[in-house]
Amino acid sequence: MAPATVAIVGRPNVGKSTFFNRIVGGRKAIVDSQPGVTRDMQFGEADWGGRHFYVVDTGGIVEDAEGEMDQAIRRQAVSALEEADVIMFMVDGREGVHPLDQHIAELLRAREAKTLLVVNKIDDLPDSTDHLEFYALGLRDPMPLSAASGKGSGDLLDRLIELLPPGGSQTEEDESTLRLAVVGRPNVGKSSFINKLLGSERLVVSQEAGTTRDAIDTPYEKDGKQFIFIDTAGLRRKSRVTESIEYYATLRTMRAIDRADVCLVVVDADEGVANQDFRIARLAWDRGRGVVLAVNKWDLIEKETLTSVRFEKALRRRVPFLEAVPIVFISALSGQRVTRALDIAWQVGQERTRRVSTSELNDQLIALTETVQPPQKRGTPLKLFYATQVGAAPPVFAIWVNYPKDVPENYIRYLMNGFRKAWGFLGSPIRVKLRARRKQRS
Ligand code: GDP
Ligand code: GDP
């Protein structure tokens with residue numbers, strides 16, 4: 001099950017990002033630019049009371065050129081209602097109830113049960129009662145907070161956790177099931193791809209706003225192989241809410257990636273590959289997911305001999321981390337190589353869970369260090385003693401070294417390339433961890 005999502009909405013300057021930074025801490029947030037807000041949306045992850053959840057700081061609603069405040073508020077509130085499990089509606093306790101707060105409250109009242117009214121800048125807790133006037137918004141108990149000092153945040157987060165949907169244990173799926181996320185920019189052909197595989201009738205199921213988010217995946221079987229397509233509901237959704245701001249597209253992609261074993265990153269051959277495409281692929285890769293790049297709409301490309309070979313070469317040159325990523329040229333429209341793409345994704349899933357025996361690994365390590373010796377920085381030579389695989393999906397290798405800090409980045413890359421040459425790991429990231437050991441155990 002995906003971690004729940006919490007959206008922080010409210011006027012500008014009420015303290016949303018102050019609170020966001022407090023609970024997300026040092027964790028890197030993804031930032032997305034959107035028109036109609038004071039600043040970029042921020043996105044991060046937080047933990048409280050044993051729960052892990054996503055937090056979206058929506059920036060702040062501003063009027064557009066025509067002073068169409070209503071429109072902006074409506075869009076932000078509606079999107080938050082659709083996409084988030086809990087909405088933190090933040091107001092400024094020092095300013096009192098603002099007419100805009102009234103406005104936002106009206107929209108949120110429809111889903112009161114998942115809304116948490118937070119009155120920020122109540123700096124003299126627990127004495128202050130300034131937050132009580134916000135009962136006027138009709139959203140049940142206002143929770144006082146001083147985001148700047150952190151006072152009140154414990155109680156607030158406790159309350160928040162109560163509102164999150166039940167956690168559910170990490171669903172122990174059958175090891176033989178591949179969780180596949182089809183991701184990419186809008187209009188590259190993601191839903192066409194899934195439709196081609198599943199048959200359109202499978203995807204056209206009734207989809208009501210705000211229904212439980214557990215029914216969002218679609219199982220699929222091919223040649224006895226079990227797949228689960230992640231967030232097929234999210235792919236459908238775009239047609240339903242054309243007006244909705246794209247705020248949450250990034251978030252949806254993140255959630256899908258987090259729940260997947262393998263990500264099929266779809267790009268548009270006709271439009272060309274954009275940096276955003278690589279960013280998505282990179283995100284999946286850095287999060288330890290298997291990656292397959294599907295170059296779609298290949299039917300639109302005038303082909304000469306070697307067109308795909310050239311295309312592929314150019315892609316790999318542009319983005320070195322794609323080196324280990326399989327690239328497949330497809331047409332979701334005609335169905336060309338669509339099942340091939342699925343087979344490759346399956347293979348990547350297998351490679352990602354591969355385990356290498358310790359003896360095999362150490363034979364390889366010895367061979368690699370003999371071919372290219374580790375560089376020497378000090379009097380004592382740098383020694384790589386021993387290696388073992390400490391994790392799978394994706395594979396992680398620990399290597400014991402006398403001076404871990406002395407091993408340069410490019411030597412680690414050399415070792416990883418050697419491991420790949422030996423065992424493949426097609427489409428899967430692999431990791432090497434260096435551990436300190438002074439002397440070889442005798
Ligand atoms: P946002 O636009 O809603 O994200 O608001 P910010 O987080 O950027 O905060 C706006 C201003 O309010 C900043 O100057 C903050 O330092 C200030 N601020 C935020 N939280 C508190 C608080 O709890 N108490 C006080 N006194 N000021 C705060
Ligand atoms: P999504 O937003 O990524 O789900 O993209 P869609 O699946 O909705 O496709 C966007 C548009 O591209 C639609 O008009 C599709 O008909 C078209 N499209 C998708 N795949 C192909 C393809 O392989 N070839 C061509 N020519 N058009 C495609």
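Everything numeric in this text was worked out from a predicted model, so none of it was measured. Counting starts at 1 for both ligands and their atoms, following the listed order.
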Between [X] and ligand 2, which residue portion shows a heavy-atom distance shorter than 4.0 Å: side chain, backbone, both, or neither?
| X | answer |
| --- | --- |
| D299 | side chain |
| A332 | both |
| L333 | both |

Just heavy atoms, cut-off under 4.0 Å: does [X] contact ligand 1 by side chain, backbone, both, or neither?
| X | answer |
| --- | --- |
| D57 | neither |
| N120 | side chain |
| M90 | neither |

With respect to G15, determine whether any N or O atom, backbone or side chain, lies less than 3.5 Å from an N or O atom of ligand 1.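 By distance alone, the answer is yes.
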Is it the case that ligand 1 has an N or O less than 3.5 angstrom from some N or O of A148?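 Checking ligand 1 against A148, an N or O pair does fall under 3.5 Å apart.
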Which of these, R352, R179, R287, sits in a salt bridge (charged side-chain N to carboxylate O under 4.0 Å, His left out) with D261?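 Among R352, R179, R287, the one that satisfies the salt bridge (charged side-chain N to carboxylate O under 4.0 Å, His left out) with D261 is R352.
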Subset of ligand 2 atoms that lie under 4.0 Å from at least one heavy atom of P186: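 Answer, ordered by atom number: 2 (O).
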Atoms in ligand 2 with a heavy atom of L300 nearer than 4.0 Å: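 That gives atoms 26 (N) of ligand 2.
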Suppose I only count heavy atoms of [X] and a 4.0 Å limit; which atoms of ligand 1 are within that range?
| X | answer |
| --- | --- |
| S146 | 23 (O) |
| S17 | 1 (P), 4 (O), 6 (P), 7 (O), 8 (O) |
| R94 | 26 (N) |
| K16 | 1 (P), 2 (O), 3 (O), 4 (O), 5 (O), 7 (O) |

Is there any N or O on I330 that sits under 3.5 Å from an N or O of ligand 2?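 Among all N and O atoms of I330, none is under 3.5 Å from an N or O of ligand 2.
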Is there a nitrogen or oxygen of S331 sitting under 3.5 Å from a nitrogen or oxygen of ligand 2?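 Yes - when backbone and side-chain N and O of S331 are compared with those of ligand 2, one distance drops under 3.5 Å.
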[X] with [Y]: basic N within carboxylate O range, under 4.0 Å:
| X | Y | answer |
| --- | --- | --- |
| D130 | K121 | no |
| D217 | R259 | yes |
| R420 | E323 | no |

Applying side chain to side chain contact (heavy atoms under 4.5 Å, CB included), run through Q364 and W423 and close with a yes or a no. CA-CA 10 Å; Q364 192 61 36; W423 303 293; 3.5 Å; yes
Checking salt bridge (charged side-chain N to carboxylate O under 4.0 Å, His left out) for the pair R11/E95: CA distance, chi angles, key distance, verdict? CA-CA 12 Å; R11 294 187 293 119; E95 288 192 14; 3.4 Å; yes
Look at atom 20 (N) of ligand 2 and find which of I194, N195, N296 reaches it with the closest heavy atom.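 Selected option, by shortest heavy-atom distance: N296.
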Looking only at non-hydrogen atoms, which of T18, N13, V119 approaches atom 15 (C) of ligand 1 most closely?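 Shortest heavy-atom distance from atom 15 (C) of ligand 1: T18.
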Once rounded to the nearest 0.5 Å, what's the spacing between atom CH2 of W285 and atom OG of S428?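 Answer for the CH2-OG pair, W285 versus S428, is 6.0 Å.
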Matching residue for Y220 among T232, L178, L342 - test: side-chain contact (heavy atoms from CB on, under 4.5 Å):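 Only one option passes, and that is L342.
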Counting neighbours of NZ on K303 that are heavy atoms of other residues, nucleotides or ligands and sit closer than 6.0 Å, is the number greater than 12?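 Atom NZ in K303 is crowded, with more than 12 foreign heavy atoms closer than 6.0 Å.
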Which residue in the set N120, D123, T18 passes side chain to side chain donor-acceptor pair (under 3.5 Å) when paired with S146?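 For S146, the side chain to side chain donor-acceptor pair (under 3.5 Å) test succeeds with only one of N120, D123, T18, which is D123.
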Output, in order, the C-alpha distance, side-chain angles, deciding distance and verdict of ring-ring contact (aromatic ring centres under 6.0 Å, His included) for F53 and W48. CA-CA 8 Å; F53 51 94; W48 186 260; 9.1 Å; no
